[in-house]
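Data first, discussion second: the structure below is written as structure tokens.
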Amino acid sequence: MNRRSVLAGLAAVTATRLTSAPNLTPAANPDWTTPFPPHRIIGNLYYVGSRDLASFLITTPQGHILINSNLVSSPPQIRTAVEKLGFHWKDVKILLISHAHYDHCAGSPQIKRETAARYLVMDADAPEVAAGGAGNFRYANDKSMLYPAAKVDHILHDGETVQLGGTTLVAHKTPGHTKGCTTWTMKIADSGKTYDAVIVGSPNVNPGYNLINDPKYPQMAADYTATFRTLKALPCDIFLGAHGGYYDMQVKYAKLKSGDKNAFIDPAGYKAYVADRQQAFEAELAKQRANPI
């Protein structure tokens with residue numbers, strides 16, 4: 001696997017498991033905009049998202065990395081969370097995303113303006129980000145799914161590393177949900193131990209996805225198959241994802257508040273989630289093969 005390095009000195013389950021892709025409109029998902037207590041997950045990894053739209057802050061002595069800018073309305077909520085944790089908003093040096101859907105990247109232009117962070121996006125999602133979602137294979141003609149276009153400062157490739165202040169993240173291309181959907185991994189030291197953290201981009205098949213006959217994405221099914229192969233191969237102690245519901249965030253946070261410092265250590269939960277999502281994909285694929293869209 002190619003592991004180019006970006007030197008940044010320049011720089012579905014809620015309380016119950018989701019069995020289908022979430023509704024994609026904020027009005028139908030108040031948890032997307034409802035603030036949630038920011039919290040330390042483990043080591044230098046923090047949660048700064050809403051009740052369901054996940055955003056993660058990785059802190060370092062040379063500035064911070066933010067994963068996911070979420071909705072157009074999300075940056076003030078994310079900033080408030082970062083500052084409640086005692087960190088400075090303008091110390092965000094790198095902005096990353098899980099994938100190019102408006103619920104994960106629409107706030108990026110504002111965050112770039114306010115922090116001057118460098119925006120790094122996976123190769124196959126970069127054109128969509130630059131076009132504000134206009135090039136998406138499923139939602140290009142749905143104005144409600146478009147978002148403000150943003151300048152991408154660096155195009156990532158599968159296996160590339162992002163480094164800042166002694167912390168290294170690895171970008172794993174896990175396509176299907178979007179062509180450049182990205183799962184992030186990092187090793188985290190805490191209390192004398194080292195843990196493997198996985199932030200899943202999304203393995204979900206959204207309603208209306210044509211897995212086998214989409215002229216704009218003819219390799220979609222093959223990409224999903226490759227994604228599950230990648231996800232199953234990743235070592236995982238700390239299971240996280242682009243939506244809090246993926247990893248039972250609210251349940252685990254309650255455990256954390258009750259004194260369980262290991263609340264987010266969940267390798268079995270990760271394996272079960274990936275297996276569940278693969279089963280859902282394979283069932284939908286079989287259905288579409290029998291009755292093509």
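Just so it is clear, the values below take in all heavy atoms, side chains as well, and ignore hydrogens, waters and symmetry mates.
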Counting C-beta onward and ignoring hydrogens, is there a side-chain heavy-atom pair between T60 and K93 closer than 4.5 Å? no
Taking NZ, NE, NH1 and NH2 as the nitrogens, is one of them in K112 or D153 under 4.0 Å from a carboxylate oxygen of the other? yes
In terms of heavy-atom contacts, A134 and A140 come closest through O-CB, 2.9 Å
Do the non-hydrogen side-chain atoms of I78 and N70 ever get within less than 4.5 Å of each other? yes
same_hphob_cluster(L164, F87) at 4.5 Å side-chain heavy-atom cutoff: yes
Least distance between heavy atoms, V92 atom then A117 atom: O-CB, 3.6 Å
Check: H157 main-chain N/O paired with E160 side-chain donor or acceptor under 3.5 Å: yes
Any chance you could measure T167, atom OG1, to K187, atom NZ, to the nearest 0.5 Å? 13.5 Å
Within the 4.5 Å heavy-atom criterion, are I238 and I265 side-chain neighbours or not? yes
Are F36 and M249 close enough that some pair of their side-chain heavy atoms sits under 4.5 Å apart? yes
Please walk me through it: do T225 and F281 pass side chain to side chain contact (heavy atoms under 4.5 Å, CB included)? CA-CA 9 Å; T225 298; F281 157 69; 3.8 Å; yes
Which heavy atom in I212 sits nearest to a heavy atom in A221, and how many Å separate them? CG2-CB, 4.4 Å
To the nearest 0.5 Å, what is the distance between SG (C105) and CG (L96)? 12.5 Å
D190 vs R40, test: side chain to side chain contact (heavy atoms under 4.5 Å, CB included). Steps then yes/no. CA-CA 12 Å; D190 188 82; R40 177 178 173 271; 2.3 Å; yes
Within the structure provided, determine whether Q250 and D31 are in side-chain contact (heavy-atom separation under 4.5 Å). yes
H243 side chain near D103 side chain, heavy-atom distance below 4.5 Å: yes
From R229 atom CZ to L234 atom CG, the distance as rounded to the nearest 0.5 Å: 12.5 Å
Parallel, tilted or perpendicular, as decided by the 30° and 60° cut-offs, for the rings of H99 and H104: tilted
I'd like to know whether CD of Q279 has more than 12 heavy-atom contacts from other residues, nucleotides or ligands below 6.0 angstrom. no
What pair of heavy atoms forms the shortest contact from L231 to Y270, and how long is it? O-OH, 2.6 Å
Tell me whether N68 contacts the main-chain N or O of L53 through its side chain, where contact means a donor paired with an acceptor under 3.5 Å. no
Quick check against the 3.5 Å criterion: does W184 have a side-chain atom that pairs as donor or acceptor with the backbone of I97? yes
Test applied, side chain to side chain donor-acceptor pair (under 3.5 Å); reference residue, H172; option that passes from T183, T230, T185: T185
Please state whether the rings of H39 and F264 are parallel, tilted or perpendicular, taking 30° and 60° as the class boundaries. parallel
Please check this pair: side chain of S55 against backbone of V48, looking for a donor-acceptor N/O pair closer than 3.5 Å. no
D214 vs R138, salt bridge (Lys or Arg N to Asp or Glu O under 4.0 Å): CA-CA, chis, key distance, verdict: CA-CA 9 Å; D214 189 331; R138 176 69 177 88; over 6 Å; no
What do you reckon, are the aromatic ring centroids of Y102 and Y147 less than 6.0 Å apart? no
Is a donor from one side chain sitting under 3.5 angstrom from an acceptor on the other, for T182 and D125? no
Minimum-distance pair of heavy atoms, taken over all atoms of K232 and V274: CG-CG1, 3.8 Å
Has D237 got a side-chain atom pairing as donor or acceptor with D196's backbone, closer than 3.5 angstrom? yes
Geometric cation-pi criterion K252 and Y247, 6.0 Å radius, 45° cone: no
Do the rings of Y224 and Y209 sit parallel, tilted or perpendicular, given the 30° and 60° boundaries? tilted
Is D266 paired with K255 through a side-chain N to carboxylate O contact shorter than 4.0 Å? no
Is the F56 to Y47 ring centre distance short of 6.0 Å? yes
Do the non-hydrogen side-chain atoms of V200 and F239 ever get within less than 4.5 Å of each other? yes
Over all heavy atoms of both residues, which pair between A171 and L156 is shortest? Give the atoms and the distance, please. CB-CD1, 4.5 Å
State, with a plain yes or no, whether a side-chain heavy atom of I199 is found less than 4.5 Å away from one of L169. no
Under 3.5 Å donor-acceptor, D158 side chain and K173 backbone: yes
Using modelled atom types and a 3.5 Å cut-off, is there a donor and acceptor pairing between side-chain atoms of N44 and backbone atoms of T59? yes
Full working for side chain to side chain contact (heavy atoms under 4.5 Å, CB included) between N262 and D260: CA-CA 5 Å; N262 297 323; D260 183 358; 3.7 Å; yes
Mark yes or no for whether T168, through its side chain, and Q163, through its backbone, hold a donor-acceptor pair below 3.5 Å. no
Using the side chain to side chain contact (heavy atoms under 4.5 Å, CB included) rule, take R118 and H154 through it: C-alpha gap first, then chi angles, then the decisive distance, then the call. CA-CA 8 Å; R118 297 182 71 230; H154 177 82; 3.9 Å; yes
Report yes or no: does Q288 contribute a side-chain atom to a donor-acceptor pair with the main-chain N or O of L211 at less than 3.5 Å? yes
Would you kindly say whether Y139 and S144 are connected by a side-chain donor-acceptor distance under 3.5 Å? no
Could you tell me whether the side chain of H64 and the main chain of D91 form a donor-acceptor pair under 3.5 Å? no
